[in-house]
**Student:** 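What follows is a structure written as structure tokens; I'll ask about it next.
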Amino acid sequence: MEHPLHIYNTLLRKKEQFVPLHEPHTGMYVCGPTVYGDPHLGHARPAITFDILFRYLQHLGYKVRYVRNITDVGHLEHDADAGEDKIAKKARLEQLEPMEVVQYYLNRYRDAMRALNVLPPSIEPHASGHIIEQIELVKHILDNGFAYESEGSVYFDVEAYDKKHHYGVLSGRNIEDMINTTRVLDGQEEKRNPIDFALWKKAQPEHIMRWPSPWSDGFPGWHCECTAMGKKYLGSHFDIHGGGMDLVFPHHECEIAQAVASQGDDMVHYWMHNNMITVNGQKMGKSLGNFITLDEFFNGNHPMLAQAYAPMTIRFFILQAHYRSTVDFSNEALQAAEKGLARLMDAWKSLQKLQSAATTSVEIGGLRVKCLEAMNDDLNTPIVISHLFDAVRAINTVKDGKGTISAADLEEIRSVFQLFLFDTMGLANETAAGVGGSEAFGKAVDLLLSIRQQAKANKDWATSDKIRNELTALGFEIKDTKEGAEWKLAN
RNA sequence: GGUUCCUUGGCCGAGUGGCUAGGCGCCGGUCUGCAAAACCGUUUACGGCGGUUCGAAUCCGCCAGGAACCUCCA
């Protein structure tokens, strides 16, 4: 290929050509959700970003194993409930078993992802199901002299590590700065250095989720799960590790340190990070309390929402920005996305009915190559979309009878739309299976429109307008074309 | 305070040295019985100041504003 796939590697802070370690096999690990709350718009960003990558890598012919973990070991609270597991806390409040809470929110997460047309990953390992692997990882790090035990807990010795390796390669930090800027918190006396991070924590009595280990009954440090499960399912060296930019430090930095401390080098070749979704310029997140859940978007039931937004509108809204840019939520932006997406989908429907001619008069040359080049340039979906909109103009020109398209070009455009709009960007045509989409229902609407057509022929405008206006009031969109009236349900 | 990054037209959002991004909106036109849709055309840009260059939104410096991260949260 002339312009092979390039992706931005956070480690080098530049775009790099993607070359898998074991072609055609490709390994990809992405940090998944912590299942102790309803999935919100912030969760949609990484899921959709890496879904696009997953889909596109497969289109390029790679056999992808995509691992996205489920964090169900709640670890610690940082507020007044210090020492209590997040999931345990929620469980006690709601009088449920911790794993019942995990299952509930995991189901909710999967439902939302399915609605957003996010493909299931190849493997979704649970942190709680890989305690043994995490304990093994901690043992290796201890054996290599980069960790120490203290009162039943095990901490990573950042200073010892930094003498042989560089702690901070991913986030561009050095430990002197970090030591100077780390806040002094309670309960840190066990650590030799405030910047040391936990590999294993001894559980407090009220901590429900706990497992036996050589050091104490407790639970693994947060960073261990990804290192242990990445290695288990993708091997000691794999291609891509993804996640949100907010995870660069400390999570991914610590993962690198753990990998190097346990096996001598990092497991990951390409580190990829999606940017945040913001609300009024601020990150949307649970801790800030400014999040809107995906369910709320789908049903419009939130004070900040002017209306309900279809899952595909959310997906399209996210894809209209590059994954490394922030994207700011607003009703105005979502409504614009909704209309833009409808324009694309209408063009797709027109494409099915378009008649071909002997020659092509509209400008549609090189569409496939342009879209491929945009995808190959670090997954530039906004550019792909802009090229598709250019094609929409050509399609509509032909539809209006003001231009022609050859059979071969028509087939090519259909194929390109199928590849990029549906297969790669994962957008789906929702109106096809719209409300009450039964055959009888459709025929009833067709009947009304044929009565209106007769009324129009008789210049009985009162009757024809009444049918149109009533249908519009019911939520139908009526379009008069040369071949007669078309209809669809709005939203 | 430290690290990293951002600031584009009414709104969203691409673009890293010279070529119309795109969408939404507004306005005008074509089409229509009137509309809607569609199409065509038009309209507002690159935070501020300085520098490099034949030429900068794009490179460099300073200033202003903003964000993410800086915990044993995940």
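Protein chains get the first letters and strands the later ones, always in sequence-line order, with residue 1 at the start of each.
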**Student:** Please state the P separation for the pair B:rA35 and B:rG29 - nearest whole angstrom.
**Tutor:** 11 Å
**Student:** Within this structure, what is the OH-to-C1' distance between A:Tyr167 and B:rU3, rounded to whole angstrom?
**Tutor:** 13 Å
**Student:** So if I take every side-chain heavy atom of A:Arg173 and compare against B:rA21, B:rA38, B:rG2, which nucleotide ends up nearest?
**Tutor:**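 Per side-chain heavy atoms of A:Arg173, the pick is B:rG2.
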**Student:** Is there, by distance only and without an angle test, a donor paired with an acceptor across the side chain of A:Asp480 and the base of B:rA35 below 3.5 Å?
**Tutor:** yes
**Student:** Write down the distance separating the C1' atoms in B:rU44 and B:rG51, rounded off to the nearest Å.
**Tutor:** 30 Å
**Student:** Suppose we call two aromatic rings close when their centres sit under 6.0 Å apart. Are A:Phe329 and A:Tyr309 close by that rule?
**Tutor:**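 For A:Phe329 and A:Tyr309, the ring centres are not under 6.0 Å apart.
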**Student:** Assign each of A:Asp328 and A:Asn396 to its nearest nucleotide of RNA chain B by heavy atoms, then name whichever residue's nucleotide is nearer the 5' end.
**Tutor:** A:Asp328
**Student:** Return the set of residues passing salt bridge (charged side-chain N to carboxylate O under 4.0 Å, His left out) with A:Asp162 (not counting sequence neighbours), or none when no residue passes.
**Tutor:**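 A:Asp162: no salt bridge (charged side-chain N to carboxylate O under 4.0 Å, His left out) contacts found.
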**Student:** In this structure, how many angstroms lie between the P atom of B:rA38 and the NZ atom of A:Lys353, rounded?
**Tutor:**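 It works out to 14 Å between those atoms.
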**Student:** Any Lys/Arg nitrogen of A:Asp480 or A:Lys456 sitting under 4.0 Å from an Asp/Glu carboxylate oxygen of the other?
**Tutor:** yes
**Student:** Using the C1' atom as the reference point in each nucleotide, state the distance between B:rG10 and B:rA45 in Å, no decimals.
**Tutor:**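 Looking at atom C1' only, B:rG10 and B:rA45 are 12 Å apart.
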**Student:** Can you find an N or O donor on one side and an acceptor on the other, under 3.5 Å apart, linking the side chain of A:Arg468 with the base of B:rA36?
**Tutor:** no
**Student:** Pairs counted as Watson-Crick or G-U wobble with both distances under 3.5 Å: what dot-bracket string results for RNA chain B, using | for bases tied to another strand?
**Tutor:** (((((((..(((.....[...)))..((((.......)))).....(((((..]....))))))))))))....
**Student:** Can you tell which of B:rA14, B:rA68, B:rC69 lies closest to the side chain of A:Ser325?
**Tutor:** B:rA14
**Student:** For B:rC11 and B:rG48, measure between their C1' atoms and round to the nearest Å.
**Tutor:**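 One C1' to the other, the span is 23 Å.
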**Student:** Using the C1' atom as the point on both nucleotides, what is the distance between B:rG47 and B:rA67, in whole Å?
**Tutor:** 16 Å
**Student:** Taking the side chain of A:Asp246 as its heavy atoms from C-beta onward, which of B:rG13, B:rA68, B:rA38 lies nearest to it?
**Tutor:**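 Out of B:rG13, B:rA68, B:rA38, the nucleotide with an atom closest to A:Asp246's side chain is B:rA68.
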**Student:** Starting at CD1 of A:Ile179 and ending at P of B:rU71, how long is that distance when rounded to a whole Å?
**Tutor:**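 Between P of B:rU71 and CD1 of A:Ile179: 12 Å.
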**Student:** Answer yes or no: is there an ion pair linking A:Arg343 with A:Asp346, defined by an N-O contact shorter than 4.0 Å?
**Tutor:** no
**Student:** Rounded to whole Å, please give me the gap between CD in A:Gln282 and P in B:rC6.
**Tutor:** 19 Å
**Student:** Can you tell me if A:Asp72 uses its side chain to pair, donor with acceptor, with the backbone of A:His126 under 3.5 Å?
**Tutor:** no
**Student:** Assign A:Leu388 to base, sugar-phosphate, or nothing according to its heavy-atom contacts below 4.0 angstrom with the strands shown.
**Tutor:** nothing
**Student:** Nearest whole Å is fine: how far is B:rA68 C1' from A:Leu170 CG?
**Tutor:** 14 Å
**Student:** Specify the separation, in whole Å, of atom CH2 of A:Trp461 and atom P of B:rG33.
**Tutor:**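 Those two atoms, CH2 and P, are 6 Å apart.
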**Student:** According to side chain to side chain donor-acceptor pair (under 3.5 Å), who are the partners of A:Arg45, at least two apart in sequence or on a separate chain?
**Tutor:**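 Side chain to side chain donor-acceptor pair (under 3.5 Å) check on A:Arg45 returns nothing, list empty.
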**Student:** Would you measure the distance from the P atom in B:rC24 across to the matching atom in B:rC39 and give it in whole Å?
**Tutor:** 9 Å
**Student:** Toward the 5' end of RNA chain B, which comes first, A:Ser171 or A:Asn380, by nearest nucleotide?
**Tutor:**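 This one resolves to A:Ser171.
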**Student:** Between B:rG15 and B:rC59, how far is it from one C1' atom to the other, in whole Å?
**Tutor:** 16 Å
**Student:** Using a heavy-atom cut-off of under 4.0 Å over every strand shown, decide if A:Pro250 touches base, sugar-phosphate, or nothing.
**Tutor:** base
**Student:** Nucleotides 22-27 of chain B: which of its N/O atoms have a protein N/O under 3.5 Å away?
**Tutor:**
from, atom 1, to, atom 2, distance (Å)
B:rG23, OP1, A:Arg393, NH2, 3.1
B:rG25, OP1, A:Lys339, NZ, 3.3

**Student:** Given side chains that start at C-beta, do those of A:Trp211 and A:Ile135 come closer than 4.5 Å, heavy atoms only?
**Tutor:** no
**Student:** Can you name the side chain to side chain donor-acceptor pair (under 3.5 Å) partners of A:Glu133, sequence neighbours left out?
**Tutor:** A:Lys232
**Student:** Using a heavy-atom cut-off of under 4.0 Å over every strand shown, decide if A:Thr326 touches base, sugar-phosphate, or nothing.
**Tutor:**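 Answer is sugar-phosphate: A:Thr326 comes under 4.0 Å of backbone atoms only.
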**Student:** Rounded to the Å, how far apart are A:Ile318 CD1 and B:rA14 P?
**Tutor:**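 Distance, rounded to whole Å: 13 Å.
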**Student:** What nucleotide, of B:rA14, B:rC69, B:rG33, holds the atom closest to the side chain of A:Ile383?
**Tutor:**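 Closest nucleotide among those given: B:rA14.
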**Student:** A:Glu16 and A:Tyr270: side-chain donor and acceptor closer than 3.5 Å?
**Tutor:**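 Result is no, nothing qualifies.
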**Student:** When you compare B:rC6 with B:rA14, how far apart are their C1' atoms, in angstrom units rounded to a whole number?
**Tutor:**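 15 Å, rounded to whole Å.
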**Student:** Quick one: list whatever passes side-chain contact (heavy atoms from CB on, under 4.5 Å) with A:Ser386, sequence neighbours left out.
**Tutor:**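 Scan of A:Ser386 (side-chain contact (heavy atoms from CB on, under 4.5 Å), adjacent residues dropped) gives A:Ile383.
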**Student:** Checking side-chain polar atoms at under 3.5 Å, does A:Asp328 have a donor or acceptor matched by the opposite partner on A:Thr326?
**Tutor:** no
**Student:** Do the side chains of A:Arg110 and A:Glu124 get close enough for a salt bridge, i.e. N-O under 4.0 angstrom?
**Tutor:** yes
**Student:** Using whole Å, what does the distance between atom P of nucleotide B:rC69 and atom CE of A:Met284 come to?
**Tutor:**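 Atom-to-atom, A:Met284 to B:rC69, this comes out as 14 Å.
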**Student:** Tell me whether the OP1 or OP2 atom of B:rC69 has a side-chain N or O from A:Lys283 closer than 4.0 Å.
**Tutor:**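 Answer yes for this pair, as a side-chain N or O of A:Lys283 is under 4.0 Å from OP1 or OP2.
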